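Encoded as structure tokens, the structure appears first; notes follow it.
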Amino acid sequence: MDSRCGGARSVSRGMLPLLALHAASEYNRLPWKPPVTAGLLAVNTLVYLRPAFLDSILPSIDEVLFNPHLVLKHKDLKRFFLSPFYHLGESHLVYNMMSLLWKGVQLETSMGSTEFASMVAALLAMSQGITLLLAKSLFLFFDYERAYYSEYAAGFSGVLFAMKVVLNSQSENYTNVHGLIVPSRHAAWAELILIQMFVPGVSFLGHLGGIVAGILYLKLKRSYSGRDPLTVIIRGVTGVLSWPLRLIKQIIPLRRRRISGRGTVGGNGNYTGRTMSYVWRCQACTYDNPGWLNVCEMCGTSRSDN
């Protein structure tokens with residue numbers, strides 16, 4: 001989440017074609033194409049580009065910038081829910097979307113699309129709510145008004161920090177965070193500190209709220225034994241919307257291509273319902289690959305045990 005005193009966006013630097021090329025390359029080599037991740041990438045990019053057919057519908061960035069004071073004063077839910085999908089510049093968008101592509105593909109492949117969509121919705125609401133609570137608390141108890149309570153921010157990075165916590169929660173490996181080797185489960189904290197030290201204009205509270213949201217989500221998920229209500233709702237809606245497609249498939253049988261090589265993320269390496277004689281875990285991104293691959297299917301890192 002990037003913070004600014006105003007709502008002006010930076011000048012385009014021509015980075016979007018690189019993002020499109022990278023995303024297309026990633027999806028082309030995946031045996032299963034995660035649809036929710038693709039949808040989130042498309043939504044964030046379209047909101048930034050504001051094509052003619054959406055320009056009259058989308059609020060301006062000044063109307064949705066996250067500002068704790070304005071959200072509470074006017075009960076402005078538009079700023080609360082829409083600000084993560086707006087970005088202040090092309091580099092801001094591309095950096096966040098690269099991160100979303102990497103994390104989203106791994107999590108959605110491991111969790112399934114319905115549960116992943118439910119998790120993203122929950123993390124978005126929780127990270128925004130926690131950021132709002134932290135800003136209000138700092139204002140009430142320490143009189144930090146300008147620094148946090150009145151700052152403007154936007155971007156998907158609060159949700160991305162929460163996703164990073166979930167992704168690395170079960171990992172026992174180490175990872176590289178901007179040149180610093182740290183345990184994967186502490187990577188989000190290291191990135192929070194490093195970005196705050198070396199990247200000007202970022203929202204410390206927005207990123208911190210994302211980390212706390214990720215931790216809280218994991219604790220709630222572990223303590224709740226029943227089915228996630230939001231997942232049930234999303235599964236029901238998608239079931240209704242996909243009914244015509246299922247009907248067409250029944251009428252016109254289609255040959256299904258066999259899918260292989262889908263690994264898991266973090267976790268303990270169990271493969272329920274899948275036959276796989278041997279797997280190896282990538283040291284860079286913790287993705288479990290089938291034994292016949294010599295390069296990580298997720299990040300392209302060479303196999304280290306050869």
Side-chain angles (χ1 to χ4, degrees), residues 1-17 19-20 39-100 120-121 123-140 143-163 192 195-196 199-213:
M1 185 176 284
D2 209 353
S3 63
R4 294 286 187 273
C5 294
R9 297 196 308 193
S10 62
V11 179
S12 171
R13 299 176 184 174
M15 298 173 66
L16 282 176
L19 172 62
L40 289 171
L41 290 168
V43 167
N44 279 273
T45 305
L46 285 172
V47 167
Y48 178 79
L49 292 175
R50 298 183 70 91
F53 68 93
L54 289 177
D55 191 54
S56 60
I57 302 173
L58 294 173
S60 69
I61 191 169
D62 292 318
E63 295 178 280
V64 299
L65 284 172
F66 186 81
N67 180 289
H69 171 66
L70 295 178
V71 171
L72 293 175
K73 180 180 180 181
H74 302 294
K75 297 180 174 57
D76 195 342
L77 295 181
K78 184 166 57 177
R79 293 183 184 274
F80 186 90
F81 287 110
L82 295 185
S83 57
F85 300 101
Y86 282 71
H87 291 80
L88 299 173
E90 193 167 12
S91 59
H92 185 207
L93 171 72
V94 171
Y95 181 84
N96 277 355
M97 293 304 99
M98 289 285 200
S99 180
L100 172 61
V120 171
L123 292 179
L124 188 149
M126 291 167 63
S127 62
Q128 294 287 86
I130 291 170
T131 302
L132 193 66
L133 181 62
L134 289 173
K136 183 66 174 179
S137 300
L138 287 172
F139 172 62
L140 290 176
D143 198 28
Y144 282 4
E145 179 176 1
R146 180 169 178 77
Y148 298 115
Y149 192 60
S150 297
E151 84 170 1
Y152 290 87
F156 209 70
S157 53
V159 182
L160 293 173
F161 267 87
M163 289 170 63
L192 171 71
I195 287 179
Q196 194 64 32
V199 181
V202 297
S203 173
F204 175 76
L205 280 194
H207 294 168
L208 178 61
I211 293 176
V212 176

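Since the model is a prediction, treat every value here as computed from it, not as a measurement.
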What one should report as the nearest heavy-atom pair of Pro59 and Val64 is CB-CG1, 3.8 Å

Non-hydrogen atoms of Gln128 and Ser83 that approach each other most closely: NE2-OG, 3.0 Å

Can you tell me how far apart CG (Leu100) and CG (Leu41) are? Round to the nearest 0.5 Å. 4.5 Å

For Glu63, enumerate each residue passing the side-chain hydrogen bond (donor to acceptor under 3.5 Å, both in side chains) test, keeping only those at least two apart in sequence or located in another chain. Ser60

Between Ala162 and Ala213, what is the shortest heavy-atom contact and its length? CB-CB, 4.4 Å

Strictly distance-based, threshold 3.5 Å: is any side-chain N or O of Thr45 a donor or acceptor partner for the main-chain N or O of Ala42? no

Side chain Glu90, main chain Leu16, donor-acceptor under 3.5 Å: yes

What distance separates Phe156 CZ from Ser99 OG, expressed to the nearest 0.5 Å? 10.0 Å

Euclidean distance, Phe53 CZ relative to Leu58 CG, rounded to 0.5 Å: 9.0 Å

I'd like to know whether Ile61 forms a side chain to side chain contact (heavy atoms under 4.5 Å, CB included) with His87, so could you lay out the CA-CA distance, the side-chain angles of the two residues, the decisive distance to 0.1 Å, and finally the verdict. CA-CA 8 Å; Ile61 191 169; His87 291 80; over 6 Å; no

Would you please indicate yes or no on a ring centroid separation below 6.0 angstrom for His207 and Phe161? yes

Quick one: NZ on Lys75 to CG on Leu77, what's the gap to the nearest 0.5 Å? 10.0 Å

Go through the steps to decide whether Ile195 and Phe204 satisfy the test side chain to side chain contact (heavy atoms under 4.5 Å, CB included), and finish with yes or no. CA-CA 9 Å; Ile195 287 179; Phe204 175 76; over 6 Å; no

Set out, in order, the CA-CA distance, both residues' side-chain angles and the distance that settles side chain to side chain contact (heavy atoms under 4.5 Å, CB included) for Met15 and Leu19, then state yes or no. CA-CA 7 Å; Met15 298 173 66; Leu19 172 62; over 6 Å; no

Between Leu123 and Val159, what is the shortest heavy-atom contact and its length? CB-CG1, 4.4 Å

Here the gap from Leu93 atom CG to Leu49 atom CG, rounded to the nearest 0.5 Å, amounts to 7.5 Å

Given side chain to side chain contact (heavy atoms under 4.5 Å, CB included), test Tyr48 with His92 step by step and report yes or no. CA-CA 10 Å; Tyr48 178 79; His92 185 207; over 6 Å; no

List the residues meeting side chain to side chain contact (heavy atoms under 4.5 Å, CB included) with Leu132, not counting sequence neighbours, and say none if there are none. Phe66, Pro68, Val71, Leu72, Phe80

Residues that Thr131 engages under side-chain hydrogen bond (donor to acceptor under 3.5 Å, both in side chains), provided they are two or more places apart: none

Quick check for you: to the nearest 0.5 Å, what is the distance between Leu70 atom CG and Arg79 atom CZ? 5.0 Å

Name all residues meeting the side-chain hydrogen bond (donor to acceptor under 3.5 Å, both in side chains) criterion together with Asn44; count only those two or more places apart in sequence or in a different chain, and write none if there are none. none

Val212: what forms a side chain to side chain contact (heavy atoms under 4.5 Å, CB included) with it, not counting sequence neighbours? Ile130, Leu208

Do Tyr148 and Phe139 have ring centres separated by under 6.0 Å? no

Less than 4.5 Å apart, side chain to side chain, heavy atoms only: is that true for Val199 and Tyr95? no

Which residues pass the side-chain hydrogen bond (donor to acceptor under 3.5 Å, both in side chains) test with Lys136, not counting sequence neighbours? Tyr149

